[in-house]
Amino acid sequence: MTQWWRDATIYQIYPRSFQDTSGDGIGDLAGIRQRLTHVRELGADAVWLSPVFKSPMKDFGYDISDYRAIDPLFGDMAEFDALLAAAHEQGLKLLLDFVPNHSSDQHAWFAESRSSRDNPKRDWYIWKDPAPDGGPPNNWIGNFGGSAWEWDEHTEQYYYHAFLTSQPDLNWRNPDVRHAMHDVLRFWLDKGVDGFRIDVVWHLAKDPQFRDNPPNPGWKPDQPEIQRNLQIYSADDPFVQEIVEELRDVVEEYRDRLLIGEIYLPIERLVEYYGKNNEGLHLPFNFQLIQSPWRGDVIRDLIAEYNAAVPGGGWPNWVLSNHDQPRIAKRVGGAQARIAAMLLLTLRGTPTLYYGDEIGIGDVHIPLARIQDPWTKNEPDTSFNRDKARTPMQWSADPHAGFSKAEPWLPPTDDCRTRNVACQSEEVGSILSLHRALLALRAENEDLRRGDYRPLEASGPIVAYVRGKSIAVVLNLSSEAIELDLPNECRNGKVLLKASTGQPGGAVPQSIAGDEGIIISLAGTHE
Ligand code: NOJ
C-alpha cells in the first residue's frame, strides 16, 4: 500500500465547464483529455470529475439514471476509457463521483419501485404512508426547498427525496441496494479508476423511526428553507458508519484506491467518518475553510481544532472551494485569494483545488434568464446561485475564452480576455504562476507534504506555522502591513516564495506587507 493520496493534490473538474470539443457549449470528456496537460503543468496529482454518468441532468449529473454508463452529452465509454488511459500515462490519478444516496427518478430501479407496492424493488427506495391527517409522513424538508416527501398517486404512498423530487433516496438499509451499489463501485474499479468522492455520504442513513426534525430557532425567512429545521433525524444516523465500512471493504479488494466523502457536519461529527480504527473513509472532506469567516483568529483556531480532532493514523485534508460554494476569490477578494492558495497548499494534509481557482476566477454575473441551478430556481433569494461557481474554464483570449466554439451554457467572467491560462502563463507573478510555484515547492519538499504542523505565536490577521524541521509559513490576512515578531530560526532564514510575486524573496522581512504571504526556509536548513 502506498497511500499515494497523502502526498497528492487533488484537482476537481466540473465536466460541463472544462473544455467543449463537440461544439454544444457544454464541456465533455474529450475536452478534459485534451486539457490534462494543464493539470500536469499545474502540478496536481489526481483529478476528481463531478458526475459524468447517464442522467436527465435535472441536477447536472447528480441525478443518475444509469450508474454504469457515460452520458452522451459527455461522450461514451470508449472516450472514458481513453481519458483514464491518458490520465494514467501522464502520471495522474482519476477519481469519480459516486452518488449513492439517490438516483434519478428515471433510473430503471425507481421505475420498478414505483410500479406497485409489491414490486421486488419497492423497498429499494423509501416509501411511507401519509400522516394521520393525510399529509407527508414527517416534517423533513428537501435540501433544495419544499417538503422532502412526494405523493405517488398510483400507489398512494409518499417517497422520500433529500434533494429534488426527481432524486428519490435509495434505501441503504436494504442489503440488496448495498450489494448492487458495491457492484457499481467494482465496475469502475475494475476499469482502473483510482477512487471515488462520495456524494452526501452523511445522508445515507436516516433515523429508523423517521422522527420530526426540531425547528431551528435562528432561522430567518430569507435563508434557504432547508435551514428552517435542524437536520437531526434526517441524516447522520449511526448506521451510516456500517455502510461506510462496507464501502471501504469493497475498495480494499483493490490496491491503492481512495475513498473521499462529502460531509457538511461540525468537526466532532465529521471526524467520526474516518471510522473505528480508520476503517472508514480515507478522507472525509474538511470544509472548515469554506464555512468560516476569513479572519486570522478564526483560521488559527479552526486549524488547531481540526488538527486536534483528526484521529491518530487518520490523514487531514483541506478544501477551499467546490461546485456548490461561492468561489474563494469571490469570498475573500483577488489579493487574498493568493494568501488562501498559499494556506491551502502549505497546510498539513491533502489539498483539493477547484478548477478555475488557479486563475483567480471571481464573481460572475449570471443574468436572471440564464440561471441554471435547480436549487436557486427554488429559492426566493437568487443571489445565492451555484452557477457562479460553475462557469467555463478560461483558457485564452479567443472567443468564449477558448472553452467552446459555441455560446457556453454559462458565461465566463467579464475579464476573461486577460484572466485566462494563456495570458497568465506569460505573466510573471500571475496567480496561475503562484499556484504552479506552490505546487512545485510542495512536490520537492517533503516537510511541506508530510512534516508536522506547529503553530507560531501570532495575533490579529497573521497566521503563522512551521512545517517539519525546515519550513515556516507566515500569512497576512489583511491589506495592512504588520510588524513581525518571529523566532530566530525564521528571522535568519530566507524567503523561498512570496504570495504577491510567486518568486523567492531573499531575507526575511521585519514586517509583512498587506495581502502578503511568505514561505521561509528556516536558518540552518539551507546552504
Ligand atoms: C452534493 C453535490 O455536491 C451537489 O452538487 C448536489 O446538488 C447534491 N449533492 C445532490 O446530489
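Counting begins at 1 with the first residue of the sequence. Whatever order the structure lists ligands and atoms in, that order sets their numbers, starting from 1. All of these numbers come straight from a predicted model, not from anything done at the bench.
At a 4.0 Å cut-off, not a single heavy atom of His203 sits close enough to ligand 1 to count as contact. The closest approach between any non-hydrogen atom of Arg197 and ligand 1 is below 4.0 Å. Distances from ligand 1 to the non-hydrogen atoms of Phe60 include no value under 4.0 Å.
Looking at atom 6 (C) of ligand 1, its nearest protein heavy atom turns out to be Asp59 OD2, 3.3 Å. Counting protein heavy atoms only, atom 9 (N) of ligand 1 is closest to Asp199 OD1, 2.9 Å. Looking only at heavy atoms of the protein, atom 5 (O) of ligand 1 is closest to Asp324 OD1, 2.7 Å.
Ligand-side atoms of ligand 1 in range of Val200: 1 (C), 9 (N), range being under 4.0 angstrom from any heavy atom. Taking every heavy atom of Arg386 and a limit of under 4.0 angstrom, the matching atoms of ligand 1 come to 4 (C), 5 (O), 6 (C), 7 (O). Applying the 4.0 Å criterion to heavy atoms of His102 picks out, from ligand 1, the atoms 10 (C), 11 (O). Residue contact check: His323 has heavy atoms under 4.0 Å from atoms 2 (C), 3 (O), 4 (C), 5 (O) of ligand 1.
Ring-plane geometry between Trp188 and Phe80 is classed as perpendicular, the angle between the planes exceeding 60 degrees on a 0 to 90 degree scale with a lower cut at 30.
For Phe144, every heavy-atom contact with ligand 1 shorter than 4.0 Å involves the side chain, none the backbone. Contacts with ligand 1 closer than 4.0 Å are made by side-chain heavy atoms of Arg390 only, the backbone lying farther away.
Ring pair Tyr306/Trp318: centre-to-centre distance below 6.0 Å. Close placement of the His203 and Phe163 rings is indicated, their centers lying within 6.0 Å of each other. For Phe110 and Tyr159, the gap between ring centers is short of 6.0 Å.
Residues passing the side-chain contact (heavy atoms from CB on, under 4.5 Å) test with Thr391 are Ile361, Val364, Ile366, Leu410, sequence neighbours excluded. With sequence neighbours left out, the side-chain contact (heavy atoms from CB on, under 4.5 Å) criterion links Ser404 to Asp20, Ala406.
For the pair Lys93 and Trp5, the cation-pi criterion (under 6.0 Å, within 45° of the ring axis) is not fulfilled. Figure legend: Arg16 and Trp409 shown as a cation-pi pair, the cationic atom lying under 6.0 angstrom from the six-membered ring centre and within 45 degrees of its axis.
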